[in-house]
Amino acid sequence: MNNQILQNFDVNGFQKDLIDWYQTNKRDLPWRQTQDPYKIWVSEIMLQQTQVDTVIPYFEHFIAKYPTVYDLAHADQQDVLKMWEGLGYYSRARNLQSAVREVVNSYDGNVPDDPKALGSLKGVGPYTKGAILSIAYDQPQPAVDGNVMRVLARVLNADDDIAQPNVKKQFEHIVRAMIASDDPSSFNQGIMELGALICTPKEPMCLFCPVQAYCRGFQAGNEQQLPVKSKAKKQKEVHYTVLLIRNADGKYLIEKRPDNGLLANMWQFPMVPVDEIGKDHMAAWFELEYGVPVTLGAVQGQLKHVFSHIIWQLAIIAAETTASQSADGRQRFVSLEELDDYPFPVSHQKMMPYITS
DNA sequence: GAGTCGTGGAG
DNA sequence: TCTCCAAGACT
C-alpha cells in the first residue's frame, strides 16, 4: 500500500453509492435513534469485539439505568460491572465510567468534540474516537475497525496483513482521503454496515454489493482471499480447583478478584492453582492463604472455560468450613439470594448448578 | 510488535 | 469439536 493507491479510484462515485445503499438498507438499531454523544459512546464501547445482537439488550438496560453521564459518573462501580456481567472485556466498563467521571469533572458533563481531548479519555482509542466524532458530531474523521479494513482491503485489492497495527494506521490515512465530508457519519457507518451485511468475512455477497463496480479485489477475483490476516497463536491451558465452601449458615465463600488484570474486580468462588499447589496440600494451602479452615468434599464436576488467550480447566469441589466470616475484606460469606447482587464472570456463573444443594 | 483482556455466534 | 471472528484498547 502506497500513497498512490487512490490513483484512478472514483472516490466520489464510491461515496455516493455507498451512502445511498446505507440510507435505504441500514438496520434499525437502538443507538441509531439518537445523536446523543454519550449514548453513541456507550454503544461504541459495547460494540468493541462484540456482535450487534449481543449488545442490543445490554445497551437498552444500561441506558435505561444510566441515561446521562451524571447517572453513570455517580454510580457504584460494582453496579456498573453488574450491568456489564456476561458481556466480557470488563475493563471497558471500568474505563468507561472512569472517563465519564472525567467528562463530568473536567468538561462540565459535555463529551469533548475535540479529537485530542476525546482521544485522551480512558478506553477511547483511535476507532472509538473517530466513531463518536463522525456519528455524534458530524466530523470527517476515520473510524477504522475490522469491517473497514476488510472492506477496503478488498475494494483496493490490498494484501497487507490487517493483523499488523501499522496497517490499521495506513487505512486511517486512506479513509481521510476517501471520507465524505458532507456526511461522514453515513460514510463510516456505511462501510461497517456493508462489512456486516454484504462484505462478510466468509462468502461475501459480491453480487448484491452496491460498490462492486469500484472493487478491485472483485475485479481481480481475489475477494475470497482478502483480507490477509495472520493467525493468533493458541491459548495456554491452566488448571484450577474451584472450592464451593459452605458454612453452617448455608452461606458460601466468594472473593473479589484483584483490581487489575483478568476479570478485575469481578467476584468468584475461591480457586486453587493446582498446577502450583498440588492436590495433597490444597486444604492446608487454602487455610494458610485465606485464613479459613476447610474440609474438602467430593468432586462435583469438571468445567472448561475459554478466554481469548487462556483456557481454564476447572475441577469443582464441594467443601465445608466452620468459619462464619472472613477477616479479608475481599472475601465474603453470602447466601444464595445475595449471590445475585454480585458481578460474576460467565466462568463462575457456570458454577451455579453445583451449589443448589 | 506482541501479549493481555471475554464471550457467544456461525460455519 | 474446531476455527474464526465481532463497531479495539492498553501495555
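The chains referred to below are lettered A, B, ... by the order of the sequence lines, with proteins before strands, and numbering in each begins at 1.
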*Quickly work out the A:Asp145 CG to C:dC5 P distance and round it to whole Å.*
14 Å
*Between atom CD in A:Gln164 and atom P in C:dG8, what is the gap in whole Å?*
18 Å
*Could you tell me whether the side chain of A:Arg154 and the main chain of A:Cys215 form a donor-acceptor pair under 3.5 Å?*
no
*Can we say A:Arg32 and A:Asp28 salt-bridge, meaning some charged N sits less than 4.0 Å from an Asp/Glu carboxylate O?*
no
*For atom C1', what is the distance between C:dT1 and B:dG8, given to the nearest Å?*
16 Å
*Value in whole Å for how far the P atom of B:dG3 lies from CD1 of A:Ile310*: 13 Å
*asked:* For a quick check of understanding: with a heavy-atom distance under 4.0 Å over all strands, which category does A:Glu203 fall into, base, sugar-phosphate or nothing?
replied: nothing
_Measuring only the C1' atom in each nucleotide, how far is C:dC5 from B:dC5? A whole number of Å is fine._
16 Å
*For A:Glu44 and C:dG8, give me the distance from atom CD to atom P, rounded to whole Å.*
9 Å
*Which of these, A:Gln78, A:Arg332, A:Lys82, A:Lys256, sits in a side chain to side chain donor-acceptor pair (under 3.5 Å) with A:Tyr342?*
A:Arg332
*A:Phe269 vs A:Tyr252 aromatic rings, parallel, tilted or perpendicular, using cut-offs 30° and 60°?*
perpendicular
_Any side-chain to backbone donor/acceptor pair from A:His74 onto A:Tyr70? Under 3.5 Å, distance only._
yes
*Is the distance from OP1 or OP2 of C:dA9 to the nearest side-chain N or O of A:Lys122 less than 4.0 Å?*
no
*Do A:Leu263 and A:Ser347 have side chains that get closer than 4.5 Å, going by heavy atoms?*
yes
*With the sugar-phosphate defined as primed atoms, P, OP1 and OP2, and the base as all remaining atoms, what B/S/- string results for nucleotides 6-11 of chain B, 5' to 3', for protein heavy atoms under 4.0 Å?*
BBSS--
_Partner set under side-chain contact (heavy atoms from CB on, under 4.5 Å) for A:Lys304, not counting sequence neighbours_ = A:Val306, A:Ile311, A:Gln313
*What integer distance in Å separates A:Ile311:CD1 from C:dT1:P?*
13 Å
*Step by step, work out the salt bridge (Lys or Arg N to Asp or Glu O under 4.0 Å) result for A:Lys122 and A:Glu102.*
CA-CA 9 Å; A:Lys122 267 188 190 169; A:Glu102 187 179 346; over 6 Å; no
_Length of the NZ-C1' vector between A:Lys231 and B:dA2, whole Å_ = 18 Å
*Identify whether any heavy atom of A:Trp31 sits under 4.0 Å from a base atom; if not, whether one sits that close to sugar-phosphate; answer base, sugar-phosphate or nothing.*
base
*Please tell me if the side chains of A:Glu172 and A:Val175 come closer than 4.5 Å, counting only heavy atoms from C-beta onward.*
no
_Pairwise 5' ranking along DNA chain C for A:Gly119 and A:Arg27, keeping only the more 5' one_ = A:Arg27
*Say whether A:Ser230 and A:Asp161, considering side chains only, have a donor N or O and an acceptor N or O under 3.5 Å apart.*
yes
*Near-strand residues of residues 167-194 of chain A, defined as heavy-atom separation under 4.0 angstrom from DNA chain C*: A:Lys168, A:Met192
*Across the strands shown, which category fits A:Arg150 at heavy-atom distances under 4.0 angstrom: base, sugar-phosphate, nothing?*
sugar-phosphate
*A:Ser43 near the nucleic acid: base, sugar-phosphate alone, or nothing, with a heavy-atom cut-off under 4.0 Å?*
nothing
*In whole angstroms, how far is the C1' atom of C:dC5 from the NZ atom of A:Lys233?*
19 Å
_Between C:dA6 and B:dT4 - P atom distance, rounded Å_ = 22 Å
*asked:* Expressed as a whole number of angstroms, how long is the span from A:Ile45:CD1 to B:dC5:C1'?
replied: 14 Å
